[in-house]
Amino acid sequence: MEVMSVNAGRLHPASPVGSTRLYMLGAFVGAVVLLGLSAVTGWPIAPGRAAEDPAAVVASATPGTCLTWTRPDAANLAAVDCGQPHLFEVTGSADISGQYPPGSPFPDEAAWQKAAQSSCTTGATNYLGKLDPAGKYTVGALKPTAAQWTSGDRTLRCGLQRSTPSGQLLSTTGSARGADQSDVYAAGTCLALVKKAAGGPVSCGTQHAYEIVGTVSLRGQFPDGYPPVGQQQTALGKLCQPIAATYTGDADLNAYQLSVTWDTITRQSWDAGSYQVNCKVGALLPDGSGLGPVINSIKGIGHGASAPTSKPGG
């Protein structure tokens with residue numbers, strides 16, 4: 001089978017540049033194909049499971065099963081406890097034989113996206129209760145290979161995953177069901193610079209767009225319900241500035257042509273139970289068209305740590 005991500009959706013109103021995601025993920029592995037997957041390493045496979053046929057693992061995966069792999073070709077795909085880092089959480093399956101009767105040609109990528117979107121999104125939403133359209137989870141699907149398709153397989157295995165705007169899968173820990181879906185990262189995470197916008201996590205020693213300095217929740221600030229964006233901006237300005245000061249050692253960010261910024265929360269995200277946002281630092285381009293490159297971490301620079309370099313002029 002093959003894995004694909006079907007929902008487009010990252011909206012960060014406070015960011016200079018928005019981004020949309022609609023892509024396929026994966027790498028070939030026997031009867032399991034995971035299209036376009038970036039190389040991933042470092043996630044543990046449960047003892048005794050790595051030798052199982054990945055196709056059999058996928059075929060037997062019931063809702064709530066978590067899957068992961070360490071090899072770029074995903075040849076050691078296995079089911080693991082969801083409390084362990086994993087790359088995919090199964091939410092159900094979908095039979096698309098009604099759309100594609102016997103003899104139908106193997107769908108192209110656009111058709112797969114349409115089939116998965118129509119067949120998997122509702123089930124994934126029901127699995128979670130509510131799906132944050134701008135949250136950290138995206139809807140994906142394991143689909144038949146061309147050979148399986150020819151033999152009559154029309155089953156999609158639907159699931160949830162976390163991925164970057166460029167399509168790289170990120171591991172998550174814990175079940176998505178009941179989890180806070182806020183799209184946040186730990187302090188110290190740097191996000192790649194991709195066409196003047198933020199991408200996925202990278203080393204802070206390389207060129208990046210943002211460095212996360214902390215995470216805050218707006219739930220306690222607005223216990224009576226969803227706050228308008230203007231009120232969020234005011235509250236986050238008061239919350240993120242001192243977090244950045246502590247993180248940097250009271251450094252003068254203006255001296256490095258850097259700015260403290262943050263995300264805001266949409267009503268849909270709030271209604272889905274996502275209340276957390278990242279406080280982050282980046283080099284905003286003077287023309288407002290996006291972000292400039294930053295190299296090296298800003299952590300502790302006010303106490304003598306190595307200074308970052310930035311080129312906000314592009």
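The OH atom of Y185 lies 8.5 Å from the CG atom of N278; values are rounded to the nearest 0.5 Å.
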Set out, in order, the CA-CA distance, both residues' side-chain angles and the distance that settles side chain to side chain donor-acceptor pair (under 3.5 Å) for S151 and D153, then state yes or no. CA-CA 6 Å; S151 69; D153 189 344; over 6 Å; no
Evaluate the criterion side chain to side chain contact (heavy atoms under 4.5 Å, CB included) for residue pair R162 and D183; output intermediate values, then yes/no. CA-CA 9 Å; R162 187 173 193 183; D183 187 28; 2.7 Å; yes
Criterion side chain to side chain contact (heavy atoms under 4.5 Å, CB included) on I96 and L156, from CA distance to verdict: CA-CA 7 Å; I96 59 171; L156 296 178; 4.0 Å; yes
Just do the salt bridge (Lys or Arg N to Asp or Glu O under 4.0 Å) check on E109 and K143 with the steps written out, would you? CA-CA 11 Å; E109 298 309 307; K143 65 183 183 181; 3.4 Å; yes
Steps toward side chain to side chain contact (heavy atoms under 4.5 Å, CB included) verdict (T68, Q84): CA-CA 9 Å; T68 198; Q84 299 296 317; over 6 Å; no
Decide yes or no on ring-ring contact (aromatic ring centres under 6.0 Å, His included) for F106 and W112, but give the supporting numbers first. CA-CA 9 Å; F106 192 72; W112 274 123; 5.6 Å; yes
Would you please test T172 and H86 for side chain to side chain contact (heavy atoms under 4.5 Å, CB included) and show each step? CA-CA 6 Å; T172 60; H86 55 273; 3.3 Å; yes
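A donor and an acceptor atom, one from each side chain of S297 and E211, are located under 3.5 Å apart. A side-chain donor-acceptor contact under 3.5 Å links D180 and Q276. Using a 3.5 Å distance cut-off with no hydrogens or angles, the side chains of T266 and S269 do pair a donor with an acceptor. Checking W262 against Q233 by side-chain atom types alone, a donor-acceptor pair falls below 3.5 Å. Residues Y127 and E89 have side chains that bring a donor and an acceptor to within less than 3.5 angstrom of each other. Between the side chains of D95 and T155, no donor-acceptor pair is found at a separation under 3.5 Å.
Closest approach of I295 and Q207 over heavy atoms only: CG1-CA, 3.9 Å.
For CD of Q221, the number of neighbouring non-hydrogen atoms (other residues, nucleotides, ligands) closer than 6.0 Å is greater than 12.
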